[in-house]
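In this chain, numbering begins with 1 at the start of the sequence shown. When a ligand or atom number is given, it counts from 1 through the structure's own listing order.
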Amino acid sequence: SAFTVGDYLAERLVQIGIRHHFVVPGDYNLILLDKLSAHPQLTEVGCANELNCSMAAEGYARAKGASACVVTFSVGALSAFNGTGSAYAENLPLILISGSPNTNDAGEFHILHHTLGDHDYSYQFEMAKKITCCAVSVKRAVDAPRLIDRAIRAALIARKPAYIEIPTNLSGAACVRPGPINAVTDPVPSDEGALAAAIDQAAQYLDGKKKPIILVGPKLRRAGAEKELLKLAEKLGCSVAVQPAAKGFFPEDHPQFVGIFWGQVSTLAADSIVHWADAIICAGTVFNDYSTVGWTALPNIPHMVAEMDHVTFPGAHFSRVRLCDFLSRLAEVVTRNDSTMIEYARLCPDPPTERVPNAEEELTRKEISRRVQGLLTPETSLFVETGDSWFNGIQLRLPQGADFEIEMQWGHIGWSIPAAFGYAMGKRDRKIIIMVGDGSFQVTVQEVSQMVRWNLPIIILLMNNKGYTIEVEIHDGLYNRIKNWDYAKLVEAFNSTDGHALGLQVATVGELAVAIEKAQTHADGPTLIECSLHQDDCSRELITWGHFVAAANARPPTHA
Ligand SMILES: C/C(NCc1cnc(C)nc1N)=C(/S)[C@H](O)COP(=O)(O)OP(=O)(O)O
Ligand SMILES: [Mg+2]
């Protein structure tokens with residue numbers, strides 16, 4: 001059969017490593033969906049709605065490096081914009097693909113279904129431009145190769161989402177076959193001159209410093225620079241602190257790991273060491289209100305920041321210097337200076353001795369964290385949802401190889417359920433555990449049914465503290481109370497005639513232990529363990545953090 005626009009798109013998605021595409025059908029994208037699922041290396045994955053579909057694609061991109069979300073015009077795309085925003089904020093190349101009206105309709109001034117009801121259908125494309133690094137709208141089949149390649153290349157280089165709009169009558173239109181894929185995938189190399197100058201500047205910045213430290217941020221992994229960072233750290237021999245959204249990007253069993261730098265809610269001795277250092281090499285860092293605890297935890301000395309494609313110093317800036325090139329070149333020139341490790345050894349807190357509660361005691365957040373800690377293995381991928389789960393997860397120690405996924409920049413409650421589902425479709429060999437609150441779970445629970453459909457043995461620890469506790473700690477009101485559900489019964493409702501979801505409710509230490517045993521042997525579907533908690537059983541860190549974030553939100557306007 002003739003090669004079409006839809007076939008061209010399918011081939012390009014496969015060539016950048018995508019093997020599953022996440023979809024919700026609609027009459028504007030049905031022909032396109034036929035073409036995509038006709039590709040032998042693409043598997044279509046249906047989702048219950050476009051918010052979850054885009055979040056599943058966001059999670060898939062964490063596992064596979066890129067992802068595709070295919071929706072129908074307007075009613076579909078506007079919901080998918082939320083997961084696209086997450087991909088933008090979290091630096092993930094999600095390709096959002098939307099079907100769109102027949103190319104003849106605009107010129108005939110047709111009023112069309114799913115649109116706003118007037119003759120101008122361009123609003124979606126205009127909106128997409130704001131939340132992607134590149135948005136293209138195919139109007140003629142002949143333009144499809146150029147536009148599809150441009151959007152996909154832009155997403156891969158920027159590590160940001162891109163948008164491709166394809167009219168319903170063009171997906172099946174004849175199209176040429178794609179040219180060599182490296183025209184799309186070849187990275188933009190560092191400029192040699194800028195790289196050399198940046199390395200000289202770094203040598204000057206470090207010259208004479210007595211106590212250098214490395215601070216790792218969330219863009220390190222997105223830039224593919226974890227190996228180069230490790231090499232630099234081991235050459236320098238200094239302490240390595242990690243921002244909360246970068247947890248796991250530096251091995252936590254490494255002797256130079258000194259904890260999560262998160263101001264007053266830091267772990268180990270990260271806070272004291274970062275403030276003791278006299279030089280900070282920031283790699284892929286993001287200092288936002290949440291990671292700086294309401295602006296109370298910023299590096300207090302002039303520091304250098306190596307970004308994904310540029311490096312800044314006090315008094316200097318170098319463009320077109322890729323993070324991995326910069327870190328590996330710097331590793332070649334630095335001399336060893338482990339004074340921050342010597343200080344760390346002096347400061348390093350003794351590991352807290354934990355009392356093991358007995359079986360009939362009421363379940364607490366602390367006990368759940370202790371049990372999750374015991375579940376972590378090199379094969380684990382732990383998803384922590386926005387909520388007190390952030391704080392519980394950040395406090396855990398990751399064994400070598402364990403993966404930690406958090407959405408701290410976008411922070412959309414409910415992200416973890418579809419995102420873990422999408423991630424699991426990309427990495428079937430991982431043992432996935434989700435820590436999620438009751439409020440978040442209510443937002444995107446439908447995608448547990450996809451975990452049932454695909455027999456994914458994902459363990460969901462639902463922390464049921466009866467409401468929006470983060471918001472309670474930031475600023476309380478009746479709006480933070482939610483209707484309690486029977487979560488265990490709910491997930492088993494997804495089985496109906498066929499399926500293997502297991503729903504368990506636990507309220508004591510002993511019941512949790514039994515539930516975990518059951519979850520670990522339940523291999524052909526998800527297990528939800530609903531953990532009943534007291535409303536005020538939240539982490540001390542959340543209370544501290546919430547106070548400073550509330551203060552930051554309440555800053556009076558600078559001009560009346
Ligand atoms: C409502 C909201 N944030 C505001 C918010 C509202 N809507 C979206 C989509 N995302 C958001 N972060 C948040 S953090 C709740 O405390 C989450 O509640 P829950 O899942 O139950 O977790 P905790 O009880 O541990 O806080
Ligand atoms: Mg809650």
Closest to atom 2 (C) of ligand 1 by heavy-atom distance, out of E471, Q442, H412, is E471
A student checking ligand 1 against G439 at a 4.0 Å heavy-atom cut-off should list atoms 19 (P), 20 (O), 21 (O)
If only atom types and distance count, is the side chain of E492 paired as donor or acceptor with the main-chain N or O of G503 below 3.5 Å? yes
Output yes when a side-chain donor or acceptor of N29 lies under 3.5 Å from a complementary backbone atom of L32, and no otherwise.
no
For atom NE2 of H534, decide whether the heavy atoms of other residues, nucleotides or ligands shown that lie under 6.0 angstrom number more than 12. no
Short version for I413: what comes under 4.0 Å of ligand 1, heavy atoms counted, is both
Q. Does G467 bring an N, O or S atom to within less than 2.8 Å of the Mg ion (ligand 2)?
A. yes
Should L51 and E447 count as side-chain neighbours, where that means a heavy-atom distance under 4.5 Å? no
Heavy-atom proximity to atom 21 (O) of ligand 1, picking from T444, T469, D438, points to D438
Check: of S416, G414, G411, G387, min heavy-atom distance to atom 11 (C) of ligand 1 comes from G411
When distances are taken from atom 25 (O) of ligand 1, the protein heavy atom at minimum range is D388 N, 2.7 Å
re atom 26 (O) of ligand 1, the protein heavy-atom contact at minimum distance is I470 N, 2.8 Å
Hey, is there an N, O or S on D438 sitting under 2.8 Å from the Mg ion (ligand 2)?
yes
query = Going by heavy atoms in the side chains, are Y163 and Q124 under 4.5 Å from each other?
reply = yes
| request: State, with a plain yes or no, whether a side-chain heavy atom of K130 is found less than 4.5 Å away from one of F81. | output: no
A student comparing Y479, Y468, W415, F441 should find that the heavy atom closest to atom 15 (C) of ligand 1 comes from Y468
Counting from 1 in the order shown, the ligand 1 atoms closer than 4.0 Å to a non-hydrogen atom of T386 are 14 (S)
Quick check on the Mg ion (ligand 2): does N465 put an N/O/S atom closer than 2.8 Å to it?
yes
* Asked: Parallel, tilted or perpendicular: which fits the ring planes of F383 and W415, with parallel below 30° and perpendicular above 60°?
  -> tilted
Check: Under 3.5 Å, is there a donor-acceptor pair between the N52 and Q446 side chains?
Finding: yes
Test: E361 and R355 ion pair at under 4.0 Å: yes
Counting from 1 in the order shown, the ligand 1 atoms closer than 4.0 Å to a non-hydrogen atom of N465 are 23 (P), 24 (O), 25 (O)
